[in-house]
Each structure stands twice: as structure tokens, then as C-alpha cells.
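One structure below.
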Amino acid sequence: MSDIIQPRVLKGFRDFLPQAEMEREALLEALTETFRRFGFVPIDTPVLEYAEILLGKAGGETEKQVYRFKDNGERDVAMRFDLTVPFARFMAEHAGELYLPFRRYHMAKVWRGENTQRGRYREFMQCDFDIVGVDTASADFDIMATIAQAMSALGVPGASIHVNHRGVFNRFLAKAGISGKSVEALRVVDKLAKIGAEETRRQLAELAGDTAADEVLEFIKGGDGFEATLERMTRIAGGSNPDSDRLAELFGMATACGLSGMLTLSPSITRGLDYYTGVVFETFLDEIPEIGSVCSGGRYNDLASLYTRQRLPGVGASVGIDRLIAAFEALGRSGKRGGYTRVLVANSDPTLCAEYQAAASALRAEGIACEVYPEAKKLVQQYAYAELKGAAFALIRGPEEKGRGAWLLRNLSERANAEYASVDAVIAVLQGA
RNA sequence: GUGGAUGUAGCUCAGCGGUAGAGUCCCAGAAUGUGGAUCUGGAUGUCGCGGGUUCGACACCCGUCAUCCACCCCA
């Protein structure tokens with residue numbers, strides 16, 4: 001009696017009920033449409049990989065978070081913790097079967113065994129899109145333009161893309177004489193927006209001394225327009241250089257495309273992952289920036305070098321769909337819908353079921369989503385069900401209506417009925433509605 | 001991984017060392033087939049889980065699981 005197993009899911013893992021899943025799928029469809037519009041093609045890779053593949057270049061933090069175990073054949077395997085590393089392996093393995101430049105999108109779940117928080121889970125979905133095979137400003141810009149289009153397609157009212165170039169930052173570090181501490185410095189600087197200038201300075205001073213800390217703060221100040229910030233960064237970093245030129249090119253393209261308004265040059269964002277080598281970007285929602293970046297990425301010119309001698313420069317970004325959903329929820333504007341049914345064919349007489357099914361078939365043939373209520377019940381209850389499913393209409397035919405040779409179409413929100421002589425007449429009305 | 005808060009009906013939440021409550025929702029009826037008002041009646045809980053203290057624990061103690069927040073890191 002009491003030996004039933006308690007239904008539950010692991011910490012950080014979730015079920016998706018229809019309403020949540022319909023919302024998620026709607027977002028994925030918007031992204032898919034965007035990616036295709038920019039010429040990206042889809043790929044997929046295995047959930048499980050050899051641990052050495054995934055962890056080849058991983059730092060200590062990643063290593064701690066990855067789900068790793070021995071499979072039944074004693075192989076050392078791990079679950080993918082992002083889509084970029086598997087993609088690098090994919091490119092190295094299939095370079096001969098592909099073409100360059102190659103632009104792909106990949107929307108799939110990834111796993112990280114870290115602690116949970118709002119919008120942060122152990123199983124979550126990433127939507128990656130990358131362009132591999134070239135190292136040009138145009139490719140960098142394509143990624144940014146795709147982000148911009150994606151935000152628009154997702155119905156985000158306002159978003160800003162913060163961009164920076166690691167190369168410029170590294171030049172600056174070299175000039176300031178603290179290149180040896182670049183990884184730590186990048187990490188501290190990355191937190192500027194979160195911990196404030198004071199604390200950032202303190203941590204930098206601890207790391208590299210007071211003089212260097214002041215220089216770094218001056219460098220990462222930002223905030224007075226893209227071109228002015230770029231000019232100052234470049235000057236402090238030692239003058240004109242190819243990396244600054246890349247940023248200027250990007251800004252030029254953004255201006256030409258009317259996107260410069262959502263572009264911010266933020267010398268303080270660097271991205272934690274160490275495989276980025278060039279431009280990096282993060283995307284923040286104007287309404288709720290504190291939730292963090294909902295789409296981040298950058299240029300990585302050495303990633304596939306772990307798996308191949310062929311040089312495969314790439315640039316890409318990843319949309320955090322779960323974080324986006326959390327943001328929409330926090331903003332109270334998550335789309336609520338009950339289902340896809342537009343017409344519920346009410347079942348008021350079991351002997352007329354063949355007619356109900358025939359009517360439903362006719363509606364579907366015209367592209368109208370409908371379902372037949374599967375048992376004869378009180379109409380009140382069927383209306384309530386129709387409402388749950390988000391149906392706009394109920395199609396009713398009981399003995400009375402049949403006697404009159406009529407079909408009753410009820411507008412559920414207006415609670416108004418109209419009679420029609422045939423299903424075709426009903427279809428005509430629905431197509432006009 | 002560290003620290004803090006929370007966990008009671010489907011949902012939102014009260015509660016107290018002595019037999020588990022409200023609102024909402026749900027069900028039935030008033031209206032014997034046409035749902036938003038009203039009225040009447042009704043149903044529902046391993047009080048997250050497991051131990052301990054106690055005559056008695058939903059309450060106190062310990063552990064555990066989950067959620068939220070902060071740190072860390074990141075999407």
C-alpha cells in the first residue's frame with residue numbers, strides 16, 4: 001500500500017507543464033526563424049562525450065561543475081556543459097565534409113552541477129549560433145545583428161548589446177606591465193557593474209598595486225558614447241592597433257544598419273571563459289538588467305586547435321532561454337495560453353460522434369485546429385474545458401439542432417450562438433473571423 | 001561548495017506543546033442541455049521527508065530533500 005515511489009525531480013532539474021512548455025517553444029520558434037533568416041543551418045551533437053574531449057581545455061571551475069562518470073563500459077564520459085566545446089570537436093571531426101565559412105545554430109540542453117538560483121538551473125537550454133572559418137569584422141557583426149534581430153523577434157521591448165575586445169584589454173595590460181595577472185584582472189574587471197568602482201579598485205590594488213589599479217579603472221570607465229570610449233581605450237592602450245580598428249569597423253556597420261543605438265562599448269566586460277580571443281559581447285534587457293546577460297558570446301580563434309591542426313577561427317553567441325523566461329516572468333509578461341485548439345466540437349449526443357468527427361476532419365483540412373470532446377457531458381463542463389484549452393469557439397450539434405438540420409457555432413468569449421446549415425458554412429465563417 | 005530565509009488543502013497564506021484553519025478553487029443542488037452574479041450543501045491535507053525530546057509535536061531539537069536570496073561562477 002505504501003510502497004509507491006515518491007515522484008520528484010533532482011535539484012535544478014525541472015518538468016515543464018504545457019503552459020510553460022508552449023511559451024518556451026514559442027521562444028525557440030522565434031529564435032529558429034531568426035537564425036534561418038541569417039543563413040544559419042542546424043546541427044546536433046551527442047549529450048554524452050568522452051570526458052577528455054569536453055574537459056580538454058577546461059579550467060578548475062568548469063571541471064567542478066561538469067557531470068562526469070564511468071559508463072557501463074568503464075569509459076570516462078561527461079555530459080556537455082555548453083554547446084561550443086562539442087561544436088569545436090564537431091568541426092574538427094567533420095571539416096572535410098563541410099564548407100567554410102560555416103554558420104550553424106544549435107538549440108539543446110546542457111548540464112552544469114552548480115548551485116541553483118532564479119533563472120539558473122542544473123539542466124538548461126542554450127541556443128548557440130556561430131560562424132566558423134573567418135576572422136572578419138563582418139562575421140563579428142553578423143553575430144551582433146543576429147542578437148539584435150533575435151531580441152526583436154522575442155518581443156523584447158529594449159535590449160542593449162555590450163561589446164568589448166579582449167585584445168585591446170590585453171594591449172593595455174601589457175603596457176601597464178601587468179600581463180602576468182591578466183586572467184585574474186579580467187575576472188575582477190568583469191564584475192565592475194556588480195560590485196561597483198570602489199570595490200573593483202580595492203581588488204585590483206590588492207592584485208597589482210595602487211598605480212595599476214587606477215590605470216585599470218581609468219581604462220574601463222566607459223559611459224560616454226561608443227566612439228569617445230573607443231578613442232580613450234585606444235589611447236591608454238598605446239595607440240592605434242588592429243583590435244581597436246575591429247571595434248571601429250563593427251560600430252560602422254552597426255551605424256549603417258541602424259543598430260548603433262543598442263550598441264554600448266563596455267571596456268569592463270570580458271567574459272569569464274578563457275577561450276575568447278577577440279570581441280566579446282553580453283546582452284542586457286533594458287527593463288531588468290540585473291538578471292544578467294541573456295545572450296553572450298565572442299570570438300574564439302583557437303578553440304578547435306585542441307582537436308585539429310587546421311585553423312578554424314570562429315565567432316558566436318548563446319541565448320540563455322531559461323534566463324529570458326525568468327526575466328519575462330519577473331516582468332509579469334509571460335505569454336499565457338491554454339493550448340492550440342481553436343474550435344472544440346462539443347459532444348452532446350454519443351450517437352452523433354461520427355458527425356462530430358467528420359466535422360472536425362473538415363475543419364482540420366482547412367487548417368483550423370480543433371478537437372472533439374471525447375465523451376458526452378454537460379455542455380457547461382465542455383465550455384469550461386474549451387476555455388482551459390484556449391478555444392475561441394464551440395461547435396455544437398445535439399438532437400434538436402440535428403432535427404433542424406443546423407450546426408451551432410458558439411463564440412465562447414462573447415457567449416453568443418449562431419446557426420449554420422452546414423459545416424462548410426461554419427468553416428467559411430471561421431476563415432473570415 | 002559556503003552562509004541566510006522558507007516548506008501547512010489544487011492555488012495564496014494564517015495558526016498553536018493538547019482532536020488542522022481562512023480565502024480562492026473544485027463538486028452537487030436551486031435552474032430536469034447552454035459556463036461569468038447569488039444562495040444552500042459538500043469534498044480535500046503523509047502539516048516536505050526521517051529521526052529525537054515529550055503523557056502528547058504541525059509547533060521544540062537534529063538530520064535530510066527542495067525552493068528563494070547572497071557569495072562564487074555563469075546562460
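Treat the numbers as computed from the prediction; the structure is a model and nothing was measured. Here is how names work: the chains are called A, B, and so on, in the same order as the sequence lines, proteins then strands, and each is numbered from 1.
In this structure, A:Glu282 places its CD atom 8 Å from P of B:A75, rounding to the nearest Å. When the C1' atom of B:A75 is taken as reference, atom OH of A:Tyr276 falls 10 Å away, rounded to whole Å. If you take OH of A:Tyr373 and C1' of B:U34, they are 15 Å apart, rounded to a whole angstrom. Remark: C1' of B:G33 and CG of A:Leu379 are 6 Å apart, rounded to the nearest angstrom. Rounded to an integer number of Å, the gap from CD of A:Glu400 to C1' of B:G33 is 8 Å. Taking atom CZ of A:Arg80 as the reference point, atom C1' of B:A75 lies 14 Å away to the nearest angstrom. What separates CZ of A:Phe124 from P of B:C73 is a distance of 16 Å, to the nearest Å. Following rounding to the nearest Å, A:Trp407 (CH2) and B:U34 (C1') show an atom-to-atom distance of 17 Å.
The residue from A:Ile43, A:Asp128, A:Thr45 that alone fulfils the side chain to side chain contact (heavy atoms under 4.5 Å, CB included) condition with A:Phe87 is A:Ile43. Between A:Arg410 and the options A:Val343, A:Leu344, A:Asn417, A:Leu379, a side chain to side chain contact (heavy atoms under 4.5 Å, CB included) holds for only A:Asn417. With A:Glu49 as the partner, the side chain to side chain contact (heavy atoms under 4.5 Å, CB included) test is satisfied by one option alone out of A:Val77, A:Leu54, A:Val85, A:Leu55: A:Leu54.
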Using a cutoff of under 3.5 Å, can you pull out all pairs of nitrogen or oxygen atoms linking the protein to nucleotides 27-30 of chain B, with atom names and distances?
from	atom 1	to	atom 2	distance (Å)
B:G29	OP2	A:Lys378	NZ	3.4

Listing time: all N or O pairs from protein to nucleotides 62-69 of chain B that are below 3.5 Å?
from	atom 1	to	atom 2	distance (Å)
B:A66	OP1	A:Lys11	N	3.3
B:U67	OP1	A:Gly12	N	3.0
B:C69	OP1	A:Arg118	NE	2.8
B:C69	OP2	A:Arg118	N	2.5

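A:Leu324 comes within contact range of no nucleotide atom at all, as no heavy-atom separation falls under 4.0 Å.
Contact check for A:Leu250 versus A:His165: no side-chain heavy atoms found under the 4.5 Å cut-off.
Nucleotides B:C16 and B:C61 are separated by 15 Å at their P atoms, to the nearest Å. Only the C1' atoms considered, B:G7 is 12 Å distant from B:C58, to the nearest whole Å. B:A59 and B:C25 have their C1' atoms separated by 28 Å, with the value rounded to a whole Å. B:G15 and B:C60 have their P atoms separated by 12 Å, with the value rounded to a whole Å. Taking atom P in both B:A57 and B:A20, one finds a spacing of 11 Å when rounded to whole Å. Rounded to a whole angstrom, the distance from the C1' atom of B:A14 to that of B:G21 is 7 Å. Separating the P atom of B:G51 from that of B:G56 is a span of 16 Å, rounded to the nearest Å. For the P atom pair drawn from B:C49 and B:A66, the interatomic distance equals 15 Å after rounding to whole Å.
At distances below 3.5 Å, at least one donor-acceptor pair connects side-chain atoms of A:Arg166 with backbone N or O atoms of A:Tyr276. Between the side chain of A:Gln382 and the backbone N or O of A:Asn347 there is at least one donor-acceptor pair closer than 3.5 Å. Using a distance-only test at 3.5 Å, with no hydrogens or angles considered, a donor-acceptor pair links the side chain of A:Glu401 to the main chain of A:Gly398. Looking only at distances, a side-chain donor or acceptor of A:Thr283 sits under 3.5 Å from a matching main-chain atom of A:Cys295.
Residues passing the salt bridge (charged side-chain N to carboxylate O under 4.0 Å, His left out) test with A:Glu21 are A:Arg24, sequence neighbours excluded. Annotation: side chain to side chain donor-acceptor pair (under 3.5 Å) contacts of A:Asp135 (sequence neighbours excluded): A:Arg246, A:Arg299, A:Asn301. Under the rule for a salt bridge (charged side-chain N to carboxylate O under 4.0 Å, His left out), the partners of A:Glu33 that lie at least two apart in sequence or sit in another chain are A:Arg37.
Side-chain N/O atoms of A:Arg323 and base N/O atoms of B:C74 include a donor-acceptor pair closer than 3.5 Å.
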**OP:** Using a 3.5 Å limit on both pairing distances, list the dot-bracket string of RNA chain B from the 5' end; Watson-Crick and G-U wobble pairs count, crossing pairs take [ ], interstrand pairs take |.
**Re:** (((((((..((((....[..)))).(((((.......))))).....(((((..]....))))))))))))....
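When each of B:G35, B:A75, B:U34 is scored by its nearest atom to the side-chain atoms of A:Leu408, the top-ranked nucleotide is B:U34. Out of B:G33, B:G35, B:U34, the shortest distance to the side chain of A:Asn417 is found at B:U34.
No hydrogens or angles considered: nothing links the side chains of A:Thr34 and A:Gln149 as a donor-acceptor pair under 3.5 Å.
With RNA chain B read from its 5' end, the first of the two nearest nucleotides for A:Glu401 and A:Val294 is the one closest to A:Glu401.
Looking at A:Asp142 and A:Arg103, a side-chain N of the basic residue comes within less than 4.0 Å of a carboxylate O on the acidic one, giving a salt bridge.
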